[in-house]
**Q** 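Here it is: the structure, laid out below.
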Amino acid sequence: AICKVRYEKSGRFMKVRFEITNMCQLRCPSCTEGRRGFAHPKKFEYIDVATYETIITKLADYDDKLEIFLFESNEPCLHPNLDEILDVMDRYGIPCIISSNLNVRQSWKHILSHSCLRRFIISTSGYNKDIYERGHRGGNVDLLLENISEIASINKEERCPIWIRFHQYNDNIEDARIYEKLCDTYGFTFNPVVGYLSVSPSELTALVNNDASASLLNRSGSSSAFKI
């Protein structure tokens with residue numbers, strides 16, 4: 001499938017998680033998709049804007065209190081027509097949230113200018129190259145920081161709420177402090193979350209049987225650094 005849709009009722013909103021692409025360019029060890037290579041299909045696919053609008057229309061008819069999360073196990077900012085996807089949300093007045101690893105170049109000014117964008121989340125786990133690549137394997141921390149700086153400059157005008165969601169492990173405490181200061185400087189929200197491990201049913205069975213714990217819990221290649 002090009003996209004996956006999952007929804008849940010939370011308070012007065014129906015929260016819908018919508019994968020608009022089938023790919024993430026990283027291989028994060030905390031993610032089943034990253035570990036098993038599902039994030040790297042042979043063919044990159046993404047939903048076309050017309051199909052997306054058709055689905056949104058049906059969802060809006062079902063429940064008029066929607067909140068769309070344009071991510072699950074993918075990178076939404078890889079979508080070549082993300083600006084048009086957000087145009088659809090603007091027209092319907094439906095709030096949405098984006099989470100990105102920022103290892104992609106985009107027209108951030110256009111993205112952040114959309115009225116539908118309730119929050120833009122930046123996912124990271126390190127400031128220094130070695131630490132960052134443990135949690136966001138395959139990522140480019142220089143590109144991440146370049147994009148953060150550009151977004152901070154643009155957002156002085158657009159004023160979209162920006163969160164830096166920092167994945168906290170036992171080995172990246174100092175990097176967390178750097179991002180906290182960065183958020184103070186840029187007017188972002190620092191959102192540290194305890195490092196997690198997403199496992200599939202088969203991996204969970206292997207963990208219980210102690211068959212795969214070393215490979216699953218290893219961030220650095222030598223010792224476990226997961227905060228569990």
Side-chain angles (χ1 to χ4, degrees), residues 1-26 33 39 41 43-124 139-140 143-144 146-165 186-189 191:
I2 295 176
C3 68
K4 293 187 290 186
V5 181
R6 180 169 65 87
Y7 69 90
E8 61 186 35
K9 197 75 174 178
S10 177
R12 64 189 186 91
F13 283 100
M14 182 173 79
K15 295 186 176 182
V16 181
R17 295 191 176 272
F18 203 130
E19 290 193 353
I20 57 174
T21 73
N22 67 336
M23 183 180 284
C24 177
Q25 71 279 56
L26 305 190
E33 305 252 342
K43 182 181 178 182
F44 173 49
E45 296 180 314
Y46 52 88
I47 192 167
D48 66 87
V49 177
T51 301
Y52 180 79
E53 184 160 8
T54 297
I55 294 172
I56 289 298
T57 301
K58 293 180 178 179
L59 286 171
D61 288 342
Y62 175 74
D63 193 318
D64 63 354
K65 293 183 176 62
L66 296 175
E67 187 174 55
I68 307 292
F69 292 72
L70 288 179
F71 61 95
E72 179 77 336
S73 300
N74 67 317
E75 173 51 61
C77 292
L78 289 174
H79 198 297
N81 306 118
L82 180 58
D83 197 35
E84 295 174 53
I85 291 287
L86 294 174
D87 281 339
V88 172
M89 309 300 290
D90 287 342
R91 286 198 296 273
Y92 284 84
I94 298 173
C96 74
I97 297 169
I98 289 177
S99 178
S100 175
N101 56 49
L102 287 194
N103 275 249
V104 60
R105 297 193 184 278
Q106 264 285 2
S107 177
W108 302 119
K109 184 171 180 60
H110 287 142
I111 300 304
L112 296 174
S113 68
H114 285 275
S115 60
C116 66
L117 196 56
R118 173 167 290 181
R119 183 160 66 248
F120 190 95
I121 301 170
I122 300 167
S123 172
T124 186
N140 182 336
L143 178 57
L144 163 72
E146 179 185 328
N147 280 327
I148 288 176
S149 178
E150 182 180 348
I151 286 172
S153 177
I154 291 168
N155 207 50
K156 291 177 182 178
E157 299 176 10
E158 303 303 339
R159 298 190 179 278
C160 171
I162 308 291
W163 287 20
I164 288 187
R165 181 158 290 167
Y186 289 151
F188 295 172
T189 297
N191 178 228

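We number each residue from 1, following the sequence as shown.
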**Q** State which residues pass salt bridge (charged side-chain N to carboxylate O under 4.0 Å, His left out) with Glu84; sequence neighbours excluded, sorted by chain then number.
**A** none
**Q** Does any donor atom in the side chain of Gln106 or Asp83 lie under 3.5 Å from an acceptor atom in the other side chain?
**A** no
**Q** Ring pair (Phe, Tyr, Trp, His ring centres under 6.0 Å) with His114: which residues, sequence neighbours excluded?
**A** none
**Q** Which value, rounded to the nearest 0.5 Å, describes the distance between Ile162 atom CD1 and Ile98 atom CD1?
**A** 10.0 Å
**Q** Could you list the residues that satisfy salt bridge (charged side-chain N to carboxylate O under 4.0 Å, His left out) with Arg119, not counting sequence neighbours?
**A** none
**Q** For the side chain of His110 and the backbone of Leu82, is there at least one donor-acceptor N/O pair under 3.5 Å apart?
**A** no
**Q** Would you please name every residue forming a ring pair (Phe, Tyr, Trp, His ring centres under 6.0 Å) with Trp163, sequence neighbours left out?
**A** none
**Q** Holding to salt bridge (charged side-chain N to carboxylate O under 4.0 Å, His left out), I want the full list of residues that pass it with Arg105, two or more places apart in sequence or in another chain.
**A** Glu146
**Q** Return the set of residues passing side-chain contact (heavy atoms from CB on, under 4.5 Å) with Asn140 (not counting sequence neighbours), or none when no residue passes.
**A** Asn103, Asp142, Leu143
**Q** For Thr57 and Glu53, indicate whether the former's side chain and the latter's backbone hold a donor-acceptor pair under 3.5 Å.
**A** yes
**Q** Quiz question: by atom type and distance under 3.5 Å, do the side chains of Glu75 and Ser100 form a donor-acceptor pair?
**A** yes
**Q** Walk me through whether Lys109 and Glu157 qualify under salt bridge (Lys or Arg N to Asp or Glu O under 4.0 Å).
**A** CA-CA 9 Å; Lys109 184 171 180 60; Glu157 299 176 10; 3.1 Å; yes
